[in-house]
Structure formats: structure tokens, C-alpha cells
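The structure under discussion appears below in the form of C-alpha cells.
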Amino acid sequence: MSLREPDADTRRSWFSTMLRIRAFEDRIQELFMSGAIGGTTHLCQGQEAVSVGSIGSMEPGDVQTNTYRGHGEALALGMASETAFAELMGKATGGSGGVGGSMHLIDFSKGNIGANAIVGAGMPIALGAAVGFQMQQRPNVALSFFGDGAINIGTFHEALNMASLWQAPVVFIITNNLYGEYSPISSTTSGGPDLARRADPYGMPGVSVDGQDIDAVHAAVSAAVERARGGGGPSLLEMKTYRYRGHSRSDPARYRPAGELEAWKERDPIDILGRRLAVEGILSAEAQLGLRAAIQAEIDGAAERATAAPYPTLEETSSYVYAD
Amino acid sequence: MSLREPDADTRRSWFSTMLRIRAFEDRIQELFMSGAIGGTTHLCQGQEAVSVGSIGSMEPGDVQTNTYRGHGEALALGMASETAFAELMGKATGGSGGVGGSMHLIDFSKGNIGANAIVGAGMPIALGAAVGFQMQQRPNVALSFFGDGAINIGTFHEALNMASLWQAPVVFIITNNLYGEYSPISSTTSGGPDLARRADPYGMPGVSVDGQDIDAVHAAVSAAVERARGGGGPSLLEMKTYRYRGHSRSDPARYRPAGELEAWKERDPIDILGRRLAVEGILSAEAQLGLRAAIQAEIDGAAERATAAPYPTLEETSSYVYAD
Amino acid sequence: MSTLTEPALVAVPAAGAAGTVELTYRDAINAALRDSMTDDVRVLLMGEDVGADGGVFKTNSGLIEDFGPARIRNTPICENAFVGVALGMSLVGLRPVVEIMFADFLPTAGDAIVNQLPKYRFMSGGQCSVPVTIRVIGGGTGQFGTQHSATYESWFGHLPGLRVATAATPGSAYSLLRAAIAHDNPVIVYEHKALYGRKGPVTRGEVAEIGKAQVLRTGSDVTILASMLMVERSLAAAETLAADGIAAEVIDLRWVRPIDLPTIRASVERTGRLVVAEEQVHAGGWGATVISELTMGGVAWRSAPRRVSLPDDYPVPYSPPLETLIVPSAAGIAAAARSAVGL
Amino acid sequence: MSTLTEPALVAVPAAGAAGTVELTYRDAINAALRDSMTDDVRVLLMGEDVGADGGVFKTNSGLIEDFGPARIRNTPICENAFVGVALGMSLVGLRPVVEIMFADFLPTAGDAIVNQLPKYRFMSGGQCSVPVTIRVIGGGTGQFGTQHSATYESWFGHLPGLRVATAATPGSAYSLLRAAIAHDNPVIVYEHKALYGRKGPVTRGEVAEIGKAQVLRTGSDVTILASMLMVERSLAAAETLAADGIAAEVIDLRWVRPIDLPTIRASVERTGRLVVAEEQVHAGGWGATVISELTMGGVAWRSAPRRVSLPDDYPVPYSPPLETLIVPSAAGIAAAARSAVGL
Ligand SMILES: Cc1ncc(C[n+]2csc(CCOP(=O)(O)OP(=O)(O)O)c2C)c(N)n1
Ligand SMILES: Cc1ncc(C[n+]2csc(CCOP(=O)(O)OP(=O)(O)O)c2C)c(N)n1
Ligand SMILES: [Mg+2]
Ligand SMILES: [Mg+2]
């Protein structure tokens, strides 16, 4: 059970997964800049501990919803980077056969039941899955990832109210990266910087967590997940984190105060876990370097294979519209 | 200013207005039952102190939005009962020329800028008016009346967040009559019976008030209005009250626990004020009887004249669609 | 497809009488819900007050008693989120039916209906199906006023991924709803609030074919195409027309998506004349779509097609004589048909 | 009308150059906003990030610097409520312009747009006016995917009380937006995200006439009716067709409500042939409405009208070759026109 302390293997795998997400996102950024990928994309460098630490609390049969900024969750849930690259390139070998794109890395077989491009839309969907579990008396839990900007839209309120009312096994996770597009939280969000407080009026527990510390993330999410699984109802968790890139491809993030990015990089989630693993003798600095190189090679190969993959045809994808 | 204690004349006029609303709603019920009025209607007997006490805190230039259950507010704002009857009968002499109906008693000249048939829709509109006042540097305030059921819809959350963020001069008033249609609050609303608590996460004051006591209502709303007028920002007020009738014409309110209605009638808002005015020597029991009779006569005459009024034509009302 | 397994819900005893029975439109809906829930434990009903006193339109009488409050689930007032909840339920193997009390509240659930239900399977590359049914109550003539008389069914005909049905009779109300619930894609089924008391034959167990219109009366002079309340008014018009020696064919559209163009076209090719009877504004509606498709398809019109619609520039009013004036009547439909045949 | 008095806002210095200038579509919008706000202190702009770094599509550069954060008002993410806020502002004498970042988010504001803006004056019996402008960015071809490529402009053509405009050129982007802001009823103005970089002549101070389409090229063989991105593709098609000896007339629809049927009809009466070029599904769209209205109006078609539209049953995909395939191209429009003239 996830309430047990995560063992050394688990934490090593977290480290690898965070590295994979980082390398994947960096490569995507390059591919966009070079024009090899079009459209827009929303990267999550800096937020890896939130994705990986939270997903690490899921058990088989559990599900989650996330957002257009969901590459981290998708990879943490085990989507192959080649499949993810192919989707961003619009290739037939992508997770959605290329029709979904950057904002929709989805894998039902791994419990990733949706990456949504509409702010706030994933919360009711996760809640619905959770209520389904409850009705079916399955011991499963649904997680829902969304941003700080999403807490001001109606569905947040509507979903939290119903979740609490029905004591549904769902965990709401705010990835608070301080900005919604170009807007700092304080310019859009009343009630002060502590977003966990938004849980109060529903009689729901709300907890703020250091989102750069994967051990803290995992402990908090595991507690909420086990609570939900045991019939204790929903929770709201706020993960305090930061995105290193702008909102989307076209955003140079000029709105950041000087020094803010650098200060957050001082608390890089991969470095934090890396230092701990080295100190604890679980993964030496040298081994970490080797791991980085291996993952970089994996990413290089995956991007290359995705680049070589074919585009889908209308015929192949026409069955995506209607079931039957 | 409304923060002054209301004088004897004011409270006498409250008493008259509550009687007028009660008699109006009772007559509407009869007219519906006899088939003289069609469609549906939502009556507010029992809630008169909330409407009259709150509206009593408004100053010239202030505005409010209310709902399909807004006859009380409309009359408290001075709509003639004949005009209101005519509107419910779909007559040309109605407040909206007969095209609005029971759910839309509106009078811009009196600050009644909207009675909405969509749950939750009035709150952003009132907020918009308040922000307008702020931008225009007018010393005015907007009130928004809505039900307990409306606090679970997205616009409540969205409007409260923006109102607090912008410190807009708006007062949100929950007319908590314990039911949304056929559903008791506890079956739809998480977080317990105290709805004022819903203000907390926005950093907004929330106050629960005895909605049967017009003096308490007026004091609470006046405080919130003056706070807003003085630049102190928005408030959320919960008025604990009860509707004597079912949700709408077709609802016999079978869902009420035995004795509940009777218990609330023990605390009838008109009786409460009436007793006080008698004890305080402001209006004797005898004078009250006279007043009741006069108002009943007024209502009888108004209903009669409205019945005799003509229906509108399409031509006359076509200019209602587009301005120009 | 999702790898998630079937739910472990408890079955309830089989429903009542099979065979063809005479039911009200209201009771036909009740029967369709009851039969669907009895046959399939994955089916549930949710919405505002669906389980309270039979629901606001009394279509759900007795359901909460028989199926319990988990499967007849009252919700708070929050259409957008509870349609999203239904979507989430469908992804883990349930088959929710959502009741939207008035069609005017569909826009309140706009995102869930427009961006989620119809696109969810597509965006996933076909990994899931979304068997969600939305029951919605539309239409005027009851003096419900400007914000409670909408239909808007044509909007959803604009959306790939959806199916949209409209019920004009008790028989259709039953079989269309059963078809929707049995279907693996999201379906919006319209009920019309003026029709709840109408009686007609209902075949328990009948499941309508998706996308099939219904010819309710045959005639060779003019085709009248209608939906919901306009169907009975069109039939009444056809009676009047018959007295004048005009043989009108009346087709119940039934499906706004997909529109049954083959059936409609076959009729119009025989009659050469068409009247669309719509309780909606013509611009952006299914009537315009049908006339456009037939014209593009080269139908040889014997006279220009006609429409009887809501006014182009006037919302539904409350005032009873005005409402009566603007909602198409049997007389208005008959007049259009007469003018089409040149009388 | 409301008895409320005029607001006491502070005017800013007059805008720059008048006369006709060459501007990008993006800068034309900026100019229209700037000129409107300069001329009328009651005008303000609100929406998500409208004042941050020129807005997401850089249409608003410099505005927050010149007009300040009260009039260039960033909002939280809550479309339904902030459209409602704009309505409330309009009721006390302001003239708000709301930016909806993607047309896909219009359903999120569904109630405010469908049940409030168009009906508010009507329900009050004409006591108020609602001068609210909604600027919305629609359209595909940018690989924005299934939930960020919508147009849906035809939905709003179904609603009495609204006006709906679509901008195809910098000149239209300017004059339509100015017309919307100056108009006393709610207007939705569509911008197309693929057009922001296009250059063209803009006449500062020009205010478009409500409901007027624009004939952009004359020709006697076939009429091509298009909006937004489809306009430039239709003009390109007309070039190709000219090389084949076919004279195509190209009309920019501009207004979806009201549709300029007189102008369109006059053209089709000359050419006898029509191609509607739509970046939308035909069912429920303005193309079907136009074909229906013309057919009902007795236009003598020389050949059946044609449509070039989004697929009936396939949402906008992300994959670049698929997106290119499904969005109508100049070649597709030309092919339809050739087939209309029988080549
Ligand atoms: C309903 C809706 N409105 C607006 C947008 C445009 N939009 C996309 S992301 C975003 C900001 C979201 O911020 P946040 O929730 O903090 O998530 P983050 O991007 O920081 O991960 C906005 C406004 C949208 N996708 N959906
Ligand atoms: C968006 C929306 N959903 C549903 C309805 C139907 N409806 C009308 S009143 C009502 C209950 C509202 O309850 P509450 O807010 O407590 O107000 P009350 O009727 O008690 O005054 C409902 C569900 C509606 N009008 N609008
Ligand atoms: Mg954020
Ligand atoms: Mg209530």
C-alpha cells in the first residue's frame, strides 16, 4: 500500500521518471522552436515532483484526469515517450493516433482517462469516475490535476460541493505554479495565496504541500488517496510549484519578476530528490549522471522514431468519432 | 443614511409593504388556481422581511437583481401592485408590457434591474453594475438576491471571487428558505447548514441573519451596504427564512416534515413586526387591522384593473427586442 | 476501449407488462427509464430533483422507490458539472441518463455538452466510448416565458460526435429514449413539455432505430416535416387539408442528428412540395438544413419549399395571446401547405 | 431606458492617424479598440489576460498602458460570470467589450450569452439596452486541436436579440468592431486566429453598416459566399477559376445575424449558381440557412447550389495533414464552383 514509506527502488524510479519528463519537455521545446512541431504546447518543467509523486500514490484501477499541461502525468503513468512524441507530431503511432495532440495525452489502459484543453472541465469528470467506483463498490480512487487558475471557474466549486456531499473517493490536486497564463495568482484569486483554504466551505480537508519535494507530495497524496479509498471522502491538495517555461510556446514570460525563475530553480525538484538519494546512498552522483545520459539517449531515440512514423489517414481515424 | 436607526414612519411603511406583498401573493395563488393566470409562479409568502428589510437599505441610484421568486423585492422597490398583476396576466400595462411574466418583474426606474429565471444568473449582473459604479466613481451599491440552491452553481463562486478581488460595492443576499425546489439544503449543499461560511475562502465577510426579523435584516444589510459604499468591499449575507408555499404552482410541498410549516408560521415576519409596533406604540393592533383592510382593498382594486387591461400586440412589443 | 470491468450493481425485478399498451407521453418516459434500468444495472438517472416526488414533470414517479437514491440521484443545481460527472461515470462503465429540466439550461452545461461529450472519444483516439443520455424538456405554449421555452435542438445537430432525437408521441418517447440509453455514444433526447399528457400506443421493449424519421400519414400533394409539438399540429393541418382535397404527407423528423434525408427525400420526390414546421427560429435550424440538402441534392421542386417557424426576430413572450400568435399553429401549417400547392 | 446618468470616467488623448492606412488584421483590431475607447469613455475591454503583454493574440498591445487597468480589465478564468458582469456594466451606462479567447469557450459562457444578453431587454419590456460586444477568436488551421478550433458562429444566428459579425480582412476587423461597440444591442464579433498577420487597407473612423455583406469580386458565372478564413481562399479560388474562363463573384458574408439576403440574392439571381464556403459543419449553419432562404424565395437555380464545409461527422483533428484535409481549401472551393458551372 502506498501509505508505506516508499522504498529505495520506488524513489529511484521517481528520479528516472522526473528526468524523463524533463528531457521530454526540453526536447519538445526544441522541436517547436525548430518548427518540427506546430500548434501550441504547454510544458511542465519544474513541476515534475507534483506529477510523479502524486501518480506514485495510485493503485491499479485508479484513474486521473489532467490538463493541456499534462505531459508529466502522462509519462508518470507510463506512456512511452515515443508514443507521446508521436502524438505531439500528429502521427498515427501517437497515443490518440495523432488526432489529439499536445493537449491530449491520454491512455485509458493506464488510468489516464483524460487530458483536457478546457480549464476546469476535468474535475467533474474525475468526480464522475469516483462516484462510479463508489456505486460499483470498487476500491478505487480518482485524482484530478488542475492549475491554480482553474480554481476560479465554476466547475471547481460545483465539483467540490458534489464530491463532499457524496463523500466520493476523489482527490483534487491544484498544481499551483503561481500563474494562470500571464496572470499572477494575486491578480485573479481572492482570499490570499493559500489555495488549500478553498476547501473549507465544503467541509473538505485542504492541505498545502511543498510541490518541489517529491517525498512530501507523495506522503500528502497517499494520505488523501487512502482516506478516499477507505470511505473518508474527498480532499483538496495544493502543490506549491513553478513552471520554468512560459504558459505556452508563444509566451516569453516577461511578466515574471526578476530573479523569480532563478530562485525557483534553486529548489529544482529533480535536484532535491537527487541530492537526497545521493546522501542516503540510494543513487550516487555518478550513477545519476549515467541515468541522465541513458534517459537522454532514450528520448533521442524516441523522438527519432516518432519523427519517422507515418501520419494517420482520415479513414483510419474515422472510427474515433463514434463507437460501434 | 440607512445606518441610522429606522424611524417609526419607516417601520410603519415596512409593515404596510409586507402586508401588500402577502396579499399580492395570496391573490396570485388564487388567480392561478382559478385559471385566471396561466404558466407557473413562485411565491414568497413568509419571506417578506428579507425583501422589505433589505430593500430598505437602498439609497437612490442603488440597484438590485433578484429571481423568479422576486415579487417581494419588486413590490418593496415600489412597483405598483396593479403593474405587477398586469405583468402576471400578460397585459400591456404590466411592468414589462406583459412579455416578461411572473418570473420577470423589473423596473429600471426604481433600481430593479433584473429578475432572472436562470438560477445564479443575477449575481454576475449585480456585480457588473457594482463595478460600473466603482469605475464611474458613483457612491452606489448593488444588491443581489438569490436562493440557497443557487449557492451551488458556478456563477456564485465566480461572482464572489471577482467581487472580492475587485472590492466591488455589492452585497450578496442568500434568501435561505431551506429548499431548492423539492430538495432540502442538506441534500444538495455540503459544509453544513450555515451558508454564510461560503464567504470565507474569498476573504469576504459572511453573516447569518434571522430572516423573519425585519429589524435584524435591515441592520445587517445596512451595515453591509454602508461598508460597500464606503469602499470596504462586498459581503455575503444569509437570511434564514421559509417559504409557506411550495416551490411553484404545481408543487404541494409534500417533502416537508410534518409540523415544519406550522413552526415557521409561529415566527411569521409580519406578525413579529406587528407585535413590536403595537408594543412600542407605533401602530396599534386596531390600526393594523385597518391597514390590512385598506391594503386588501387596494389589492382587490389592482387585480380588478389589471384584469380589465388589454393584452399587448406584437407590433407594440416589437421594439422590446432591439434598441434603436 | 477501457480496460475497466463491469460494475457490481444489484439488479432489480423485471418491469411490468410487455406488448403494446396505451400510455401517456409522461408514462412512456417513465416506462423507458424503468425498463432500461431493469434490463441493465449500469443505467442510472441523475439531475435536479429527479427522485423527488416523481421529478418536476412527474416522469420519474416511483423510480427512486424501486431503484434507490444512488441510481436515481438528485443533484445540486450545477448543470455543467453534473453533465461532466455523467461523462466520468460513463468512462468507468456506467450508462448515465441526465435530466436537464428545461432546454434553456443546456447552455448552462455548455462546455460539458459541446466540448466534452461529443469530442471525448475522438480526442482519445477511440480509446473510450461515452454512453451518456441527456433527457431535456423543451418547447413553449405553456406560458413559461422567455427563459423557459427554448428548444435549440438544432445546435446539437451541428456537432459531430452527438446524436439528437426529438419525441413527438408516447411511442417515440419510449423507443427513442430506449435507443439513446442503449447507444454507445452521447445522445440528447428532447421531450416537449406540452405533450406530457398526450396518450398513445407504446410497445414495451421497442428500441428505435438511430436516425430514422417516421412517416405518420401518407399523401401525394405536399410533405410536411415536423418535430415534437409541431407533429400533432401538422397532423391536424393534414386533416383540414384533406377536407380541401389536399393530400398531405406528414413526417416526424425524430432525429436532428443524423437527419434522415433518404426518407424525407423520397417523400419530397413524390410530392415535389415541402413545408417545414418548426418550433424554432429558421436561421440555423434543421428545417433550413433539410431544405438546403434537398436543394443541393437536386430535388425537383414543384413549388418553392415553405417554412412555418418562430419569428426571426422575436423571442418567446409570456403574454398568452402573443405566445399563441408566434408558435406555429395547425392553421398556419395548413396555410403554408395550401400556398405550396398553389391554393 | 435606465434613468442612470452618464459615467464620470476620464477621457484619454485622441488616437493617431485617420484616413486609410495599411494595417495587419491584428493591428486593425487594436486600432478599433483604441479609437472606440478614445472616442467614448464608457467603452472598456475585459477578459482573461487582455492587458497582459498585449493579450494572448497581441491584439491589445499598449492598451493597458494608455487606458489603465480599470478599462483594460484582466479577469479570472470564469467566462460565464464575466460575460454576466459585462451585461451588468452595460445596464449602468458602460459599453463593455469582452474578449473570449477561443470560440470553444463560448459554451462555457453559455447561459450569459444565450439566456441573458439577447433576452435581457426583451424581458424587461424594452426598459434597458445592452451595448455589450463580445470579441471572440475562432477557427482552425493552426493545429490547436479539437477543443480550440471552433467557430460556432451560426449558433448565435439562431437567437433573436443578438447581432453576429465575422471579420475576413483588416478593414472589416476594424469597421465591424467599431460598429459593434457603437451599437446599442449585444454583438458577437468573430476574429479568425489564422488571419492576424494579414495586411490590408483600414479606414480609421469607418463604422460598418450592421447587416451588410460585401461583394469583394464581381463575376457572372457563379457566386461564392464565404466568411473569415474562407474569404481569402474563395478569392484565391476565383483567381484559378478566372484562368479557366469562369467568372466567380465572391461575397464576404460578414453578418451571420442578420444575414444580408438582399445582396446575396441579387448576386445569385445574376449568376444562378452558388457555392457556400464554410469553416463549419453544414447542418445548422448559415450556409444552409442561405440556401434555404433563397430556395424558399424562389431563386431560379441554374444548377444546384454547392457547399464546401467541414465534414459532417468528423471533429477538427490535431494531426497537420488531417487538419489540412478537412478545412476547405481554395482548390476545394474552385472544384465546387467548376462543378456548379458544369465543368
Ligand atoms: C474555459 C477556458 N477558459 C480559458 C482557457 C484558456 N486558458 C488555457 S490555460 C489557461 C490558464 C490556466 O491556468 P492554470 O489553471 O493555473 O494552469 P497552468 O496553465 O498554470 O498549468 C487559460 C486561461 C481555457 N483553456 N479554458
Ligand atoms: C440553471 C438553472 N437550473 C435549474 C433551474 C430550475 N430551478 C428553478 S428554481 C430552482 C431551485 C432554486 O432554489 P433556491 O435557489 O433555493 O431558490 P428558491 O426557489 O428557494 O427561492 C431550480 C432548480 C433554473 N431555473 N436554472
Ligand atoms: Mg497555473
Ligand atoms: Mg431556496
Side-chain angles (χ1 to χ4, degrees), chain C residues 80 104-116 118-119 122-123 145-147 150 152 154-161 256-259 276 280-299 301 303-307 310-315 317-318, chain D residues 80 104-116 118-119 122-123 145-147 150 152 154-161 256-259 276 280-299 301 303-307 310-315 317-318:
Chain C
N80 199 25
D104 308 75
F105 313 156
L106 291 169
T108 304
D111 180 63
I113 295 176
V114 173
N115 288 315
Q116 308 304 328
K119 299 176 178 172
F122 182 75
M123 297 184 307
T146 308
Q147 290 181 326
Y152 300 150
S154 296
W155 284 347
F156 309 103
H158 200 56
L159 286 171
V256 175
R257 170 168 277 269
I259 293 178
V276 293
Q280 62 175 359
V281 171
H282 186 73
W286 55 258
T289 303
V290 166
I291 292 173
S292 173
E293 289 287 359
L294 295 181
T295 304
M296 289 190 299
V299 154
W301 298 109
S303 73
R306 262 113 180 126
R307 56 145 158 141
L310 292 184
D312 291 340
D313 265 314
Y314 195 91
Y318 170 84
Chain D
N80 199 26
D104 308 75
F105 312 156
L106 291 169
T108 304
D111 179 63
I113 296 176
V114 174
N115 289 316
Q116 308 304 328
K119 299 175 178 171
F122 182 75
M123 298 182 308
T146 308
Q147 290 179 327
Y152 300 151
S154 297
W155 284 347
F156 309 104
H158 200 56
L159 287 171
V256 174
R257 170 171 274 271
I259 293 179
V276 293
Q280 62 174 359
V281 171
H282 186 72
W286 55 258
T289 302
V290 167
I291 292 173
S292 173
E293 289 286 359
L294 294 181
T295 304
M296 288 190 299
V299 153
W301 298 109
S303 74
R306 262 115 180 124
R307 59 146 157 142
L310 290 185
D312 291 340
D313 265 315
Y314 195 92
Y318 170 84

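Quick caveat, the model's predicted, so the values are computed rather than measured. The sequence lines fix the lettering, A, B, ..., with proteins before strands; numbering per chain opens at 1.
- At a threshold of 4.5 Å between non-hydrogen side-chain atoms, the residues D:Pro160 and C:Asp312 do not count as touching.
- Chain D forms the most heavy-atom pairs under 4.5 Å with one residue out of C:Gly161, C:Ala288, C:Gly297, C:Ala304, and that residue is C:Ala288.
- Most heavy-atom pairs under 4.5 Å with chain C: of the set D:Gly110, D:Ala150, D:Ala283, this distinction falls to D:Ala283.
- Scanning for side chain to side chain donor-acceptor pair (under 3.5 Å) contacts around C:Asp313 gives B:Tyr322, D:Arg257, with sequence neighbours left out.
- Atom CG of C:Leu294 is separated from atom OG1 of D:Thr295 by 9.5 Å, given to the nearest 0.5 angstrom.
- The candidate from C:Tyr152, C:Tyr318, C:Trp301 with the greatest count of non-hydrogen atom pairs under 4.5 Å with chain D is C:Tyr152.
- Looking only at heavy-atom pairs under 4.5 Å with chain D, the residue among C:Ser154, C:Pro311, C:Pro305 that has the most is C:Pro305.
- Judged by distance alone, the side chain of C:Thr289 and the main-chain N or O of D:Gly284 form a donor-acceptor pair under 3.5 Å.
- Annotation for D:Thr146 and C:Lys119: closest pair O-NZ, 3.2 Å, computed over non-hydrogen atoms.
- Side chains of C:Ile113 and D:Pro107 form no contact here, defined as non-hydrogen atoms less than 4.5 Å apart.
- In this structure, chain C has heavy atoms under 4.5 Å from both the backbone and the side chain of D:Trp155.
- Taking CG from C:Asp104 and CG from D:Asp111, the interatomic distance works out to 9.0 Å, rounded to the nearest 0.5 Å.
- Note: D:Tyr314 and C:Phe122 have perpendicular aromatic rings, judged against thresholds of 30 and 60 degrees for the angle between ring planes.
- Applying the side chain to side chain donor-acceptor pair (under 3.5 Å) rule to D:Asn80 yields no partners; only residues at least two apart in sequence or on another chain are considered.
- A distance of 8.0 Å separates CG in C:Leu310 from NE2 in D:His158, rounded to the nearest 0.5 Å.
- Of all the listed residues (D:Pro315, D:Gly285, D:Gly157), the one sharing the greatest number of non-hydrogen pairs under 4.5 Å with chain C is D:Pro315.
- Note that CD1 of D:Ile291 is 5.0 Å distant from CE of C:Met296, once rounded to the nearest 0.5 Å.
- Heavy atoms closer than 4.5 Å to chain D are found nowhere in C:Pro258, neither backbone nor side chain.
- Interface residue C:Leu159: only side-chain heavy atoms are found under 4.5 Å from chain D.
- Side-chain atoms of D:Gln147 and C:Val114, non-hydrogen and from C-beta on, never get closer than 4.5 Å to each other.
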